[in-house]
J.: 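Here you go, one structure.
These figures come from a predicted structure and were not determined experimentally.
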Amino acid sequence: MAVFAVAVLNFSGRTGEREEETLRKAVARASVQCYAIEGRYPPSVEYLEENYAVQINRKKYNVFYDGFASNVMPEITIIPIDE
């Protein structure tokens with residue numbers, strides 16, 4: 001029983017890491033797509049959600065999007081929310 005519990009916890013940890021990486025890549029990909037279409041990086045993550053169909057589970061992740069200038073790729077940080 002203990003081995004099963006450890007295996008489940010290990011699997012869920014890896015799944016969470018994959019979700020986080022997938023979300024980071026989706027935000028980055030949508031940012032680049034916005035730059036290609038509009039000639040500027042998006043001003044915020046909310047802009048990506050509204051115009052580029054990025055979906056963020058706000059109950060699981062905080063997304064920090066730091067854009068220095070409209071022609072410089074923003075820094076994207078995903079932080080899981082501890083339950």
J.: Enter the distance from I78:CD1 to F64:CZ here, rounded to the nearest 0.5 Å.
T.: 9.5 Å
J.: Which value, rounded to the nearest 0.5 Å, describes the distance between I56 atom CD1 and L23 atom CG?
T.: 5.5 Å
J.: Could you state whether L48 and I37 fall into the same hydrophobic cluster, counting links through intermediate Ile, Leu, Val, Met, Phe, Trp or Tyr residues with side-chain heavy atoms under 4.5 angstrom apart?
T.: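 Linked, L48 and I37 end up in one cluster.
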J.: Going from CZ on R29 to CD1 on I76, what distance comes out if it is rounded to the nearest 0.5 angstrom?
T.: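 Between R29 CZ and I76 CD1, I get 11.0 Å after rounding to 0.5 Å.
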J.: In Å and rounded to the nearest 0.5 Å, what is the OH to CD1 distance from Y61 to I79?
T.: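 The OH atom of Y61 sits 12.5 Å away from the CD1 atom of I79.
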J.: Is C34 close to Y47 at the side-chain level, that is, under 4.5 Å between some pair of heavy atoms?
T.: yes
J.: Minimum heavy-atom separation for A30 to V54, with atom names?
T.: CB-CG2, 3.5 Å
J.: With a 4.5 Å heavy-atom cut-off, do M73 and V32 have their side chains touching?
T.: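 In contact.
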J.: Y65 side chain to P42 main-chain N or O, any donor-acceptor pair under 3.5 Å?
T.: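 Side chain of Y65 to backbone of P42, a donor-acceptor pair under 3.5 Å: yes, one is there.
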J.: What pair of heavy atoms forms the shortest contact from V45 to R58, and how long is it?
T.: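 Where V45 meets R58 most closely, the heavy atoms are CG1-NH2, 3.9 Å.
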J.: Is any side-chain heavy atom of Y41 closer than 4.5 Å to a side-chain heavy atom of S70?
T.: no
J.: With a 4.0 Å cut-off, would you call E21 and R24 a salt bridge?
T.: yes
